[in-house]
Amino acid sequence: MPSPSLKITGFGITYPASSPAADLDKIAYKYYKPSPALDKVLAINRRTGIKAHSLISPILDLPEPESIKETSEIFLKEGVALALSASRQAIAEAGLAVDEITHVVATTCTNSSNPGYDSFLAQELGLRPSVEKVLLHGVGCAGGLAALRLAASFCQSAAWRGEPAHVLVNACEITSSMLRDELKIIDRDQQVRLGITLFGDGAASLVLSLDPGDVDPANKFPKAIYELVNWSHITVPDTHSDLRIDVTSTGFKPTLSARIPTLTAPCTPLLYDDLLKTLPNKSSRLTLPSDPANFDWAVHPGGAAILAGIQTAMRLEKEHMKASWEVYENHGNTSSVSVIHVLDTLRRTPGREWVMSAAFGPGVTAEGCLLRRAE
Ligand SMILES: CC(C)(COP(=O)(O)OP(=O)(O)OC[C@H]1O[C@@H](n2cnc3c(N)ncnc32)[C@H](O)[C@@H]1OP(=O)(O)O)[C@@H](O)C(=O)NCCC(=O)NCCSC(=O)/C=C/c1ccc(O)cc1
């Protein structure tokens, strides 16, 4: 009997040019006088550990924030261009023709156009009109792994029908569209808000392919990068006010409570246990490590306190999460994009066979995936 499995067969990552984190001081003081809230945010900015943010320039360096209409137009022009580039890379790495893509799962928390940006992406890529598309909304930074979870379900459905599946997953974020308004609110309302110290822009894609598992030599299945073995999803009760992105008269407004690192750290052992306890039947013959330290960890780099909290909770060293730290230090937090880039960064360096991945978003929700290196 053939045993179907799920394989990540391509990655693509695209960022706009990066600017040093220190540039924020120049821009902020160009438009606003020193004040307790602004000075404190800029002091926090100097110790986030982020060296550079990838930002669509010059979206922050403006006398006034853009309107919602302008930010949507920027996303549909610049964001879709980034998504297109990342998707072309992922499809090329998988060695597929565009008409072999069967599904698209896309995610963003920085645009809400209808039709969604996935429609424009599909059209620009030249995908078949019959491609099944879903655009995830309301999942924020958890979007990269939520999209992978949904892609896995599409693959399972295709296996049930006896059909092939190559699912294009794309995450695209232009978080900078809310940053100029953030700066204004910090000055006007004297609120300490962290968004401008953390966020960046970018797009990341991967292809998740259903490997039918047959031994037919005519089956030219793409080379696998990871096998996706399991996935898990948790919502933390009573946390709706801790992590939010609300639509306001001036655009999307993020809220990040100071509790977030203390919510995400205890979620991680729960994800870990769930991923190991709920392994699909066919995986029972797999020999998995019994200690978290025997996995590599690909965690959404939401902030230094989030990564450090998870290291402590799981008794890990910094090297277990080196790909997360590398992406964080060089690009900041690009919301749903980051975790896909972390997985791509991890596969490019030698490491442990088994990989735990985790990402957190509004809800508060936590998404987890168990992967195995295949390269
Ligand atoms: C790297 C940080 C930002 C700074 O490091 P630190 O300086 O060692 O931090 P501290 O914990 O010592 O805090 C420094 C100061 O900042 C204050 N602070 C500490 N978090 C806070 C706080 N959320 N508010 C407002 N003051 C604070 C904290 O109270 C403290 O104040 P003070 O004692 O008076 O100096 C660190 O605090 C950190 O990683 N925090 C967690 C960041 C965080 O919540 N990230 C968001 C996760 S969710 C996500 O990934 C995406 C959301 C998203 C949403 C919308 C989008 O479009 C895109 C994305």
Side-chain angles (χ1 to χ4, degrees), residues 44 47-50 109 139-146 148-149 192-195 197-199 230-245 254-278 288-329 332-343 345-346 351-352 354-371:
I44 294 171
R47 49 177 207 256
T48 56
I50 299 170
C109 60
V139 288
C141 303
L145 292 190
L148 186 55
R149 172 165 60 84
V192 174
R193 302 175 62 83
L194 298 188
T197 72
L198 293 170
F199 296 156
N230 203 4
W231 48 93
S232 180
H233 173 97
I234 293 173
T235 302
V236 185
D238 302 322
T239 55
H240 283 165
S241 56
D242 284 290
L243 176 49
R244 308 181 58 87
I245 304 167
T255 299
L256 309 175
S257 89
R259 278 200 326 155
I260 295 174
T262 60
L263 294 171
T264 51
C267 273
T268 310
L270 300 179
L271 283 175
Y272 175 83
D273 288 344
D274 196 48
L275 285 165
L276 297 182
K277 272 189 206 136
T278 62
L288 279 132
S290 55
D291 184 330
N294 291 330
F295 292 80
D296 275 335
W297 286 77
V299 177
H300 166 57
I306 292 174
L307 294 181
I310 291 170
Q311 276 169 212
T312 305
M314 301 310 298
R315 300 190 181 157
L316 305 172
E317 302 296 327
K318 199 167 180 179
E319 62 87 14
H320 288 98
M321 303 211 297
K322 59 183 181 301
S324 296
W325 285 105
E326 189 181 321
V327 169
Y328 177 70
E329 285 163 12
N333 170 351
T334 39
S335 191
S336 62
V337 172
S338 292
V339 75
I340 299 178
H341 187 200
V342 171
L343 285 168
T345 301
L346 184 62
R352 299 171 181 89
W354 290 95
V355 176
M356 284 280 171
S357 188
F360 309 92
V364 167
T365 56
E367 296 278 347
C369 286
L370 170 63
L371 304 111

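Atom CH2 of Trp231 sits about 9.5 Å away from atom OG1 of Thr278, to the nearest 0.5 Å. Atoms CG and OG1, from Leu243 and Thr365 in turn, are 8.0 Å apart once rounded to the nearest 0.5 Å. To the nearest 0.5 angstrom, Leu307 atom CG is 7.0 Å from Gln311 atom CD. Note that the CD1 atom of Ile340 and the OG1 atom of Thr334 stand 9.5 Å from one another [nearest 0.5 Å]. Here the CD1-CZ distance, from Ile260 to Phe360, works out to 11.0 Å after rounding to the nearest 0.5 Å. Of the inter-residue distances, the one linking Asp274 atom CG with Cys267 atom SG reads 11.5 Å to the nearest 0.5 angstrom.
Not a single ring-ring contact (aromatic ring centres under 6.0 Å, His included) links Tyr328 to another residue, sequence neighbours left out. Remark: His341 pairs with Tyr15, His331 by the ring-ring contact (aromatic ring centres under 6.0 Å, His included) rule, at least two apart or across chains.
Side-chain atoms of Thr48 do not come within 3.5 Å of backbone N or O of Ile44 as any donor-acceptor pair. The closest donor-acceptor contact from the side chain of His320 to the backbone of Ala293 lies under 3.5 Å.
The side-chain heavy atoms of Thr197 and Ile50, taken from C-beta on, include no pair separated by under 4.5 Å. Between Thr268 and Val299, the closest side-chain pair of non-hydrogen atoms is not below 4.5 Å. Put simply, the side chain of Asn294 does not reach to within 4.5 Å of the side chain of Trp354, judged on heavy atoms. The shortest distance between side-chain heavy atoms of Ile310 and His300 does not fall below 4.5 Å. Side-chain atoms of Ser335 and Cys141, non-hydrogen and from C-beta on, do get closer than 4.5 Å to each other. Contact check for Leu271 versus Ile234: side-chain heavy atoms found under the 4.5 Å cut-off.
With Ser357 as the fixed residue, the side-chain contact (heavy atoms from CB on, under 4.5 Å) test singles out one of Val342, Leu346, Val339, Leu148: Val339.
Tyr272 and Phe295 have perpendicular rings, their planes meeting at more than 60° on a 0 to 90° scale where under 30° would count as parallel.
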Step-by-step side-chain contact (heavy atoms from CB on, under 4.5 Å) determination, Val236 to Asp242: CA-CA 11 Å; Val236 185; Asp242 284 290; over 6 Å; no

Chi angles and distances behind the side-chain contact (heavy atoms from CB on, under 4.5 Å) call for Ser241, Thr255: CA-CA 8 Å; Ser241 56; Thr255 299; over 6 Å; no

side-chain contact (heavy atoms from CB on, under 4.5 Å) between Thr239 and Arg259, intermediate numbers included: CA-CA 10 Å; Thr239 55; Arg259 278 200 326 155; 3.9 Å; yes

Test log, rule side-chain contact (heavy atoms from CB on, under 4.5 Å), inputs Leu256 and Leu198: CA-CA 11 Å; Leu256 309 175; Leu198 293 170; 4.2 Å; yes

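Within 6.0 Å of CG on Asp238 lie no more than 12 heavy atoms contributed by other residues, nucleotides or ligands.
Across every non-hydrogen atom of Gly309 and Ala265, the tightest pair is O-CB, 3.7 Å. When every heavy atom of Arg193 is checked against every heavy atom of Pro254, the shortest pair comes out as NH2-O, 2.6 Å. Closest approach of Val327 and Ser338 over heavy atoms only: CG1-O, 4.3 Å. Closest approach of Ser324 to Pro301, counting heavy atoms only: O-CB, 3.6 Å. Between Gly363 and Thr235, the shortest heavy-atom contact is O-CG2, 4.3 Å. Nearest heavy-atom pair across Pro266 and Thr262 is CD-O, 3.1 Å.
Listed by first then second residue, pairs satisfying salt bridge (charged side-chain N to carboxylate O under 4.0 Å, His left out) with a partner in residues 309-329 read Lys51-Glu329, Glu319-Arg352, not counting sequence neighbours.
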